[in-house]
Amino acid sequence: MSGASQIYHYDRTQRGFHWLMAALILVALGIGIYAAWQAPGTSPRRELLDIHKSVGLTVLLLLPLRLVYRLIAGEPAYRAPPSRSAHLAAKVAHWSLYVLMLLLPVSGYVYSAAGGYGLPLFGLFSFPRLVPVDKALSQAGYGAHYWIAWAVGIVLALHVLAVAWHAWIRRDEVMGRMWPRRVAGG
Ligand code: HEM
Ligand code: HEM
């Protein structure tokens, strides 16, 4: 099944993208939820939302690079291939995460841009406003952002639970495929 040249783990670049973007997304989720509790126009909501948008727009900038690299580099082989249904479930979850990683910052962008609000990147520059200022569009962007954030939360919880199950109950190779220090073989 596996020749000598088989690679069994994601390469350094893919792991770098995974863990950097996982950290950015978790930070954006935390700040977004916290800021949404605070009254509009108050401090520190405004400052937190500037950081939230900067982190979210960074995710949006990194995503095409990651996707192009992923399409070129592909997925590593398994030492012990999973069942067809388990592999299909992992594929559906992973590609859902890629789609949601695109839709979430895009909906946030539409919400903020159409609302006439700022689009900062850590005070370095402002993103261009590519949509008209339009209250209804901004509201739709907000609705989408809210529900897509829930979808991300649910798929992410399943992702982390699945990985934890592999790592602690089945004790198989799955975590080692993405984990920096437990790379073996390949
Ligand atoms: C924080 C806890 C996390 C852990 C422990 C974790 C762990 C892993 C592991 C072990 C894999 C490889 C699975 C396999 O080979 O079948 C993987 C893949 C993946 N993870 Fe995570 N992950 C975490 C967070 C995230 C976050 C926050 C995201 C983004 C929303 C994410 C998105 C992905 C994607 C898209 C893949 C598929 C990679 C590919 O095939 O291109 N993960 N993760
Ligand atoms: C990875 C990217 C992102 C994640 C994970 C994320 C997540 C979230 C979450 C969970 C909330 C709280 C929703 C609520 O309870 O109402 C939120 C709110 C918000 N997000 Fe994002 N977001 C991201 C990207 C963006 C981007 C790129 C922008 C704009 C450029 C943006 C603008 C906002 C704004 C303005 C709010 C406040 C909503 C309100 O209370 O009015 N987000 N985000």
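Model, not experiment: these values are computed from the prediction. When a ligand or atom number is given, it counts from 1 through the structure's own listing order. We number each residue from 1, following the sequence as shown.
Of all the atoms in ligand 1, the ones that sit under 4.0 Å from a non-hydrogen atom of M175 are 5 (C), 10 (C). Each of the following atoms of ligand 2 lies closer than 4.0 Å to a heavy atom of L57: 27 (C). Here is the list of ligand 1 atoms found below 4.0 Å of a heavy atom in Y78: 16 (O). Set against the non-hydrogen atoms of P105, the atoms of ligand 2 under 4.0 Å away are 24 (C), 27 (C). Counting atoms of ligand 1 from 1 in the listed order, those under 4.0 Å from a heavy atom of I25 are 29 (C), 30 (C). Residue contact check: A36 has heavy atoms under 4.0 Å from atoms 12 (C), 14 (C), 15 (O), 16 (O), 40 (O) of ligand 2. Short contacts between ligand 2 and A149, defined as distances under 4.0 Å to a heavy atom of the residue, involve ligand atoms 10 (C). Remark: ligand 2 atoms within the under-4.0 Å shell around heavy atoms of G32 are 9 (C), 11 (C), 12 (C), 17 (C). Remark: ligand 2 atoms within the under-4.0 Å shell around heavy atoms of A28 are 3 (C), 4 (C), 5 (C).
For atom 38 (C) of ligand 1, the closest heavy atom belonging to the protein is Y98 OH, 3.6 Å. In terms of protein heavy-atom proximity, atom 30 (C) of ligand 2 is closest to K53 CG, 3.7 Å. Considering only non-hydrogen protein atoms, atom 26 (C) of ligand 1 sits nearest to L156 CD1, 3.4 Å. What sits closest to atom 1 (C) of ligand 1 on the protein, heavy atoms only, is L26 CD1, 4.0 Å. Closest protein heavy atom to atom 2 (C) of ligand 2: G56 CA, 3.7 Å. For atom 15 (O) of ligand 1, the nearest non-hydrogen atom of the protein is R177 NE, 2.5 Å. Scanning all protein heavy atoms for the shortest distance to atom 32 (C) of ligand 2 gives H52 CD2, 3.7 Å. Summary of contacts: the protein heavy atom closest to atom 39 (C) of ligand 1 is R70 NE, 3.2 Å. Looking at atom 11 (C) of ligand 1, its nearest protein heavy atom turns out to be M178 CB, 3.7 Å. Scanning the protein for heavy atoms near atom 24 (C) of ligand 2, the closest one is H145 CE1, 3.6 Å.
When the options Y142, Y117, F127, Y111 are ranked by their closest heavy atom to atom 41 (O) of ligand 2, first place goes to Y111. Scanning L104, V163, V152 for the heavy atom closest to atom 7 (C) of ligand 1 points to V163. Nearest-heavy-atom check against atom 36 (C) of ligand 1 across H9, M101, H94 picks out H94.
Checked against a 3.5 angstrom limit, the closest N/O atoms of Q14 and ligand 1 fall outside it. Close N/O approach between Y10 and ligand 1 is found [any backbone or side-chain N/O within under 3.5 Å]. The shortest N or O to N or O distance between H18 and ligand 1 is below 3.5 Å. Ligand 1 has no N or O atom lying under 3.5 Å from any N or O atom of R66, backbone or side chain.
Going from atom CH2 of W165 over to atom CG of L158 covers 13.5 Å, rounded to the nearest 0.5 Å.
Using a 30° and 60° split on the angle between ring planes, Y117 and Y111 fall in the perpendicular class, above 60°. In this structure, H94 and H159 have perpendicular ring planes: the angle between them is above 60°, well past the 30° mark.
Considering every non-hydrogen atom in both P128 and L119, the closest pair reads O-CD1, 3.8 Å. Looking at every heavy atom in both residues, R129 comes nearest to S112 through NH1-O, 4.0 Å. Across every non-hydrogen atom of V55 and A28, the tightest pair is CG1-CB, 4.0 Å. Annotation for L130 and Y109: closest pair N-OH, 2.7 Å, computed over non-hydrogen atoms.
A heavy-atom separation below 4.0 Å is found between W19 and ligand 1. The closest approach between S112 and ligand 2 falls below 4.0 Å for a heavy atom of the residue. Within the 4.0 Å heavy-atom cutoff, R45 counts among the residues contacting ligand 2.
Within a 6.0 Å radius of OH in Y98, more than 12 heavy atoms belonging to other residues, nucleotides or ligands are found. With a 6.0 Å radius and a threshold of 12 heavy atoms from other residues, nucleotides or ligands, W168 has its CH2 atom at or below the threshold.
Inter-residue side-chain proximity for L61 and F127 is flagged as met; some heavy-atom pair is nearer than 4.5 Å. Side-chain contact between L67 and L102 is absent, with no heavy-atom pair separated by less than 4.5 Å. Looking at heavy atoms from C-beta onward, L65 lies out of side-chain contact with Y69 at the 4.5 angstrom threshold. Within the 4.5 Å cutoff, the side chain of P44 has heavy atoms near those of the Q38 side chain. Contact of the I25 side chain with the L104 side chain is not registered, since no non-hydrogen atoms from C-beta on lie closer than 4.5 Å. Side-chain contact between P76 and Y10: present, with at least one pair of heavy atoms (C-beta onward) separated by less than 4.5 Å. Taking 4.5 Å as the limit, some side-chain heavy atom of R66 sits within range of a side-chain heavy atom of H18. At a threshold of 4.5 Å between non-hydrogen side-chain atoms, the residues R70 and E75 count as touching.
Under 4.0 Å from ligand 1, not a single heavy atom of A90 appears. Here L49 has side-chain heavy atoms under 4.0 Å from ligand 2, and that is the only part of it that gets that close. Only the side chain of Y146 comes within contact range of ligand 2, with a heavy atom under 4.0 Å; no backbone atom does.
Hydrophobic clustering of Ile, Leu, Val, Met, Phe, Trp and Tyr side chains at less than 4.5 Å, counting indirect connections, keeps M101 apart from W150.
At least one N, O or S atom of H159 sits under 2.8 Å from atom 21 (Fe) of ligand 1.
A cation-pi arrangement is found for R177 relative to Y78, the charged atom lying closer than 6.0 Å to the ring centre and inside a 45° cone about the ring normal.
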